[in-house]
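To start, the structure itself, in structure tokens.
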Amino acid sequence: MQATIAVLSGDGIGPEVTAQAVKVLAAVARARGHAFSFQELPIGGGAIDAGLPALPAATLEACRRADAVLLGAVGGTQWDGLPPPRRPEAGLLGLRRELRLFANLRPLRAYPELAGASPLRPDVLAGTDLLIVRELTGGLYFGEPRGRHVRDGRRAAVDTLPYTEDEVARIARVAFRAARERRRLVTSVDKANVLHSSQLWREVVVEVAREFPDVRLEHMLVDTAAMQLVRQPAAFDVVVTENMFGDILSDEAAGLVGSLGFLPSASLGESGPSLYEPVHGTAPDIAGHGIANPVGAILSAAMLLRFALGLPEEAGAVERAVAEVIASGARTADVAGGGAAVGTGEFGDRVAARVG
Ligand code: NAD
């Protein structure tokens, strides 16, 4: 297969971890006879420092033409003084908006060898392997009317949580399709006992479920889901939920594995290129030292192979290689607990050697 991958390394540890993801993708291409070409493009603080907007027009155009976009992270204190529309984060938000990415996928898997880094007891965490599918473009964060006002001389504020049946149906389909490749269970999370938008959500998810008779559907109220994520995380397979519930639950889930550095993500649209990036930010406190954990970036590359290029075997090979390197005892500084740590580049080399 031939594929063009737009690489937006970004700021801070972005370039350090993205280089490992590219290294692993190049090793996959060599081993399996694919031709991947990587196009490095500016975004965020690096673009601003070069006198460009946070999302340069040429970067956006190249992303649109690419088969997939691999991103590191953007931002840093040196740009915090800029007005919000000109800050590095505006580049990433603009890219997500322009590519119309409505589904955010965050898988989370507990490696038994790293159970000590988790705040949960090892027996509670054991077997955890879940995927959170979050609706990204609707709901409370975008609904109108929104804003602050003064009523009868008192300060007031309003936010609105709108969803249409089409918005719910398309995100539900992403979740059911993903479940087909996994353990075939979808947990739809809502607050249907209180919210009208959740009642519509539940109704539509039930309708979509009829298209997937081989996948089991269960419903869970968001408060129960928040509790179950720490009591019985291994009971979940695919969790699908609206924007704000997904924002909160995916960060709660991230806390289960002990370091942000392990978590990958994918953002998908209805058509066009999709975006793959680790969940973490630019980690200015450790940038430039070669000690960042590249697993989130490498597993994002595995998601790119699976979802953008339709290469599930290659994706599985990368995921197995990461698990093997961890099982062999290699630890980056964030989870080494003061013991011997492997650097970012060395970790990437070891994963690449195993997929090659
Ligand atoms: P962060 O994720 O960058 O860092 C939080 C903590 O986790 C830090 O202690 C950091 O050292 C650690 N950490 C993060 N990734 C790690 C890795 N791969 N290996 C080891 N340790 C890791 O979040 P923050 O400190 O709140 O934000 C720093 C900057 O990143 C800010 O400018 C913020 O706006 C930006 N940010 C960008 C994105 C993105 O581009 N998607 C996401 C979040 C934050």
Side-chain angles (χ1 to χ4, degrees), residues 7-21 24 41-49 54-55 59 63 69-97 99 101 104-106 108 111 114 117-119 134 136 247 250-251 253-267 274-301 303 322 325-326 330-339 341-348 351:
V7 180
L8 281 53
S9 297
D11 310 314
I13 62 168
E16 300 170 40
V17 296
T18 307
Q20 309 318 311
V24 170
L41 300 153
I43 192 170
I48 292 168
D49 287 352
L55 177 60
T59 296
C63 288
V69 182
L70 183 67
L71 184 118
V74 297
T77 46
Q78 62 270 53
W79 301 287
D80 280 353
L82 293 171
R86 290 182 42 219
R87 282 170 55 164
E89 290 80 357
L92 182 51
L93 293 175
L95 185 65
R96 289 178 182 151
R97 189 180 57 242
L99 297 182
L101 306 174
N104 183 246
L105 277 62
R106 276 201 200 182
L108 179 114
Y111 296 99
L114 293 173
S118 168
R134 168 189 169 193
L136 210 51
D247 189 7
S250 55
D251 266 30
L256 305 183
V257 293
S259 171
L260 264 181
F262 285 104
L263 301 171
S265 79
S267 300
S274 38
L275 174 69
Y276 300 84
E277 53 177 326
V279 164
H280 61 74
T282 55
D285 50 337
I286 58 166
H289 297 286
I291 59 170
N293 185 341
V295 170
I298 294 171
L299 292 179
S300 299
M303 294 185 86
V322 168
V325 171
I326 291 170
R331 301 282 180 273
T332 40
D334 52 330
V335 284
V342 168
T344 310
E346 172 65 24
F347 198 100
V351 176

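This structure is a prediction, so every number in the text was calculated from the model and none was measured. Indexing begins at 1, ligand by ligand and atom by atom, following the structure's order. Numbers here simply count residues along the sequence, with the first being 1. The figures here come from the full heavy-atom set of this structure, side chains too, leaving out hydrogens, waters and symmetry mates.
When all heavy atoms are compared, the tightest approach of Ala287 to Ile13 is CA-CG2, 3.6 Å. Between Ile43 and Ala54, the shortest heavy-atom contact is CG1-O, 3.3 Å.
Of all atoms in ligand 1, listed by their number and element, those nearer than 4.0 Å to a heavy atom of Gly76 are 32 (O). Heavy-atom contacts of Ile13 reach the following atoms of ligand 1: 15 (N), 16 (C), 17 (C), 18 (N) (cutoff under 4.0 Å). Taking every heavy atom of Ala73 and a limit of under 4.0 angstrom, the matching atoms of ligand 1 come to 40 (O). Near His280, meaning under 4.0 Å from any of its heavy atoms, are these atoms of ligand 1: 2 (O), 14 (C), 15 (N), 18 (N), 42 (C). Of all the atoms in ligand 1, the ones that sit under 4.0 Å from a non-hydrogen atom of Ala292 are 19 (N).
Proximity of a side-chain donor or acceptor of Arg331 to a complementary backbone N or O of Ile326 within less than 3.5 Å is detected.
For atom 24 (P) of ligand 1, no protein heavy-atom neighbour is present inside the 4.0 Å cut-off.
In terms of polar-atom proximity, Ser259 is not counted as a contact of ligand 1, lacking any N or O under 3.5 Å from an N or O of the ligand. Considering backbone and side-chain N/O of Val74, one or more are found under 3.5 Å from N/O of ligand 1. Considering both main-chain and side-chain atoms, Gly261 never comes within under 3.5 Å of ligand 1 through any nitrogen or oxygen pair. For Thr77, no nitrogen or oxygen atom sits less than 3.5 Å from a nitrogen or oxygen atom of ligand 1, counting backbone and side chain alike. Remark: ligand 1 and Gly281 share an N or O pair separated by less than 3.5 Å (distance only, no angle test).
Residue Leu70 holds its CG atom at 7.5 Å from OG of Ser9, rounded to the nearest 0.5 Å.
Between Thr332 and Ile291, every side-chain heavy-atom pair lies at or beyond the 4.5 Å cut-off.
Closest to atom 28 (C) of ligand 1, if we only count protein heavy atoms, is Pro284 CD, 3.5 Å. Closest to atom 9 (O) of ligand 1 among all protein heavy atoms lies Asp285 OD2, 2.9 Å. Among protein heavy atoms, the minimum distance from atom 6 (C) of ligand 1 is reached at Leu260 CD1, 4.6 Å. Ranking the protein heavy atoms by distance from atom 4 (O) of ligand 1 puts Ala283 CA, 4.2 Å first. Closest protein heavy atom to atom 34 (O) of ligand 1: Glu89 OE2, 2.6 Å. Closest protein heavy atom to atom 29 (C) of ligand 1: Thr282 OG1, 3.0 Å.
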List the steps, then state whether side chain to side chain contact (heavy atoms under 4.5 Å, CB included) holds for Leu71 with Leu275. CA-CA 7 Å; Leu71 184 118; Leu275 174 69; 3.9 Å; yes

Would you check, one step at a time, whether the test side chain to side chain contact (heavy atoms under 4.5 Å, CB included) holds for Leu299 with Phe262? CA-CA 8 Å; Leu299 292 179; Phe262 285 104; 5.9 Å; no

Before you tell me yes or no, could you show the steps for Leu114 and Val257 under side chain to side chain contact (heavy atoms under 4.5 Å, CB included), namely the whole-Å CA-CA distance, both residues' side-chain angles and the distance that decides it to 0.1 Å? CA-CA 8 Å; Leu114 293 173; Val257 293; over 6 Å; no

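In this structure, Gly296 does not count as a contact residue of ligand 1, since none of its heavy atoms falls inside 4.0 Å of the ligand.
Among Ile291, Val335, Ile286, Leu263, the residue whose heavy atom lies nearest to atom 22 (C) of ligand 1 is Ile286. In this structure, of Leu92, Val17, Asp80, Asn293, the residue bringing a heavy atom nearest to atom 17 (C) of ligand 1 is Asn293.
For the 3.5 Å distance criterion, the side chains of Thr282 and Asp11 fail to qualify, holding no donor opposite an acceptor.
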